[in-house]
Number of protein chains: 2
Amino acid sequence: MICDDDSELALNRQLCFALYAASRAMTKAYQPMLQDLGITYPQYLVLMVLWEWASEDEEGPAESAGNSNDRSLGALGQRLMLDSGTLTPLLKRMQQHGLVERSRAPWDERVTLVAATSAGLALKPRAKQWVQKNLQGSNITRVEVKQLHGDLWQFLHKLDDTSPKEPTR
Amino acid sequence: MICDDDSELALNRQLCFALYAASRAMTKAYQPMLQDLGITYPQYLVLMVLWEWASEDEEGPAESAGNSNDRSLGALGQRLMLDSGTLTPLLKRMQQHGLVERSRAPWDERVTLVAATSAGLALKPRAKQWVQKNLQGSNITRVEVKQLHGDLWQFLHKLDDTSPKEPTR
DNA sequence: CACAATTTAATTGCGCACAATCTAAAATGC
DNA sequence: GCATTTTAGATTGTGCGCAATTAAATTGTG
């Protein structure tokens, strides 16, 4: 009997697929809310960062201490691990819908500053309400969410360590 | 003091993003292999199913007992949770590269049968080798993989229970 | 058998992802 | 001071995902 032993390959396949499927399932779970708000899932992720930036800038606009307050496209991209090829057209669409504002930094004409408009900020309470109503009441506990979130980040960091990684360039 | 309490929203945001980021990071981790094999990540997931089908059909081509052996586009779609809008063009591209074969079922002209060609099957040992070399030696243990995989599936199923779900249609 | 309802894919259109390339502004070096 | 290099985004092209529509084959029913 020939022992193929594809068990390793199978195990990896299962994780590949589980991540892939879970990510898309999450998008689908949010679909009703997103449709109501008139945005897409990646746009929602962008908005959540802009909401956070707005709160921070409101609390401490003096950017006291090491708070750099870089609200550029690049900073957004680092945060979401996305590049300009994805973000530029996405932000332009959101701008056309009046949700975000794009402007050039006066101190450096290369950088594009990004911020939520009042219309963009107005979506936050609606999103919050929907999440509370539709996900809190589900059978997914806060502990499970935290656990999964933690495991995913641990995994993410280990993947980074594994990846090629050019020598500091 | 106004207590906003966005903690719930923040927690959910973190999980949304962790899933989203981890899924894309997985794709990036496989990129060197995929480039070498000349395929994309979704195409790799498709191939893994076709490899499995080929093994099964080889072992028991008599489709004994309840083994239905449905190798249609629909069956593939159910397995990967993808619809024809995604799979049809993807499979056509793979067919052009000689990796899969598409044919109509003689007993029902509606269904498209899908199978890996010999060229498609030939990629399996190369993939297996790469996975063993590059992921086994990483600091991600088999236990962690199994744990994360299990958590993801549990989460997936609970998400399904949460989602709208039209009444059995 | 005719014909409506159902099923299975294919098609269309839009919005990401991401690699690769390009552009222009800013920083750097001599 | 000016050429060189670096940096931040924008652009281009390909390939997913997925909703919605369409088309064709099959099934069910009178």
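Note that these values count all heavy atoms, side chains included, but never hydrogens, waters or copies made by symmetry. A, B, ... follow the sequence lines: proteins, then strands. Residue 1 opens every chain.
- Of all nucleotides listed (dC18(C), dA10(D), dG15(C)), dG15(C) comes nearest to the side chain of R93(A).
- Of the candidate nucleotides dC16(D), dT11(C), dA19(C), dT11(C) has the atom lying nearest to any side-chain atom of T88(B).
- Contact annotation for T86(A): base contact, defined as any heavy-atom pair under 4.0 Å involving a base atom.
- Closest to the side chain of R110(B), out of dA9(C), dA17(C), dT7(C), is dT7(C).
- Checking L113(A) against P42(B), the closest nucleotide of DNA chain D that is more toward the 5' end is the one next to L113(A).
- Considering only heavy atoms from C-beta on, D36(A) stays 4.5 Å or farther from W130(A) through its side chain.
- Listed pair R104(A) / dA10(D) meets the phosphate criterion, a side-chain N or O lying under 4.0 Å from OP1 or OP2.
- G85(B) comes within contact range of at least one nucleobase, with a heavy-atom separation under 4.0 Å.
- In plain terms, the two heavy atoms of W51(A) and L123(A) that are nearest each other are CZ2-C, 3.7 Å.
- L152(A) is listed as a side-chain neighbour of L148(B), based on a closest heavy-atom distance under 4.5 Å.
- Judged by distance alone, the side chains of W153(A) and H157(A) never bring a donor and an acceptor atom under 3.5 Å apart.
- Comparing atom distances between the Q43(B) side chain and each of dG15(C), dA25(D), dC16(D) picks out dC16(D) as nearest.
- Between dC16(C) and T40(A), a contact under 4.0 Å exists linking OP1 or OP2 to a side-chain N or O.
- A close approach under 4.0 Å does occur between a side-chain nitrogen or oxygen of R102(A) and OP1 or OP2 of dA10(D).
- In this structure, D83(B) atom CG and dG13(C) atom P are separated by 17 Å, rounded to whole Å.
- With values rounded to the nearest 0.5 angstrom, T117(A) atom OG1 is found 8.5 Å from M94(A) atom CE.
- Checked against dT11(D), dA19(C), dC16(D), the side chain of S84(A) finds its nearest nucleotide in dT11(D).
- Note: CG (L82(A)) to P (dA10(D)) measures 14 Å, nearest angstrom.
- Per the geometry, CG belonging to L80(B) stands 14 Å off P belonging to dA9(C), to the nearest Å.
- What separates CZ of R71(A) from C1' of dA8(D) is a distance of 18 Å, to the nearest Å.
- Residue T27(B) is out of contact with every strand shown, counting any heavy-atom pair closer than 4.0 Å.
- With 3.5 Å as the limit, one finds a donor-acceptor pair spanning the side chains of Q147(B) and D151(B).
- In this structure, the nucleotide among dG15(C), dC16(D), dA10(D) sitting nearest to the side chain of K92(A) is dA10(D).
- Between dT26(D), dA9(C), dG9(D), one nucleotide has an atom nearer to the side chain of D108(B) than all others, and that is dT26(D).
- When each of L73(A) and Y20(A) is assigned the nucleotide of DNA chain D with its nearest heavy atom, L73(A) is the one assigned upstream, toward the 5' end.
- Nucleotide dT6(D) holds its P atom 23 Å from the CD atom of E109(A), rounded to whole Å.
- In the set dA9(C), dT26(D), dC18(D), the nucleotide with an atom closest to the side chain of K28(A) is dC18(D).
- The distance between atom CG of L90(A) and atom P of dT11(D), rounded to the nearest whole Å, is 14 Å.
- Atom CD of Q31(A) is separated from atom C1' of dA20(D) by 14 Å (rounded to the nearest Å).
- The separation between D70(A) atom CG and dT7(D) atom P is 15 Å, rounded to whole Å.
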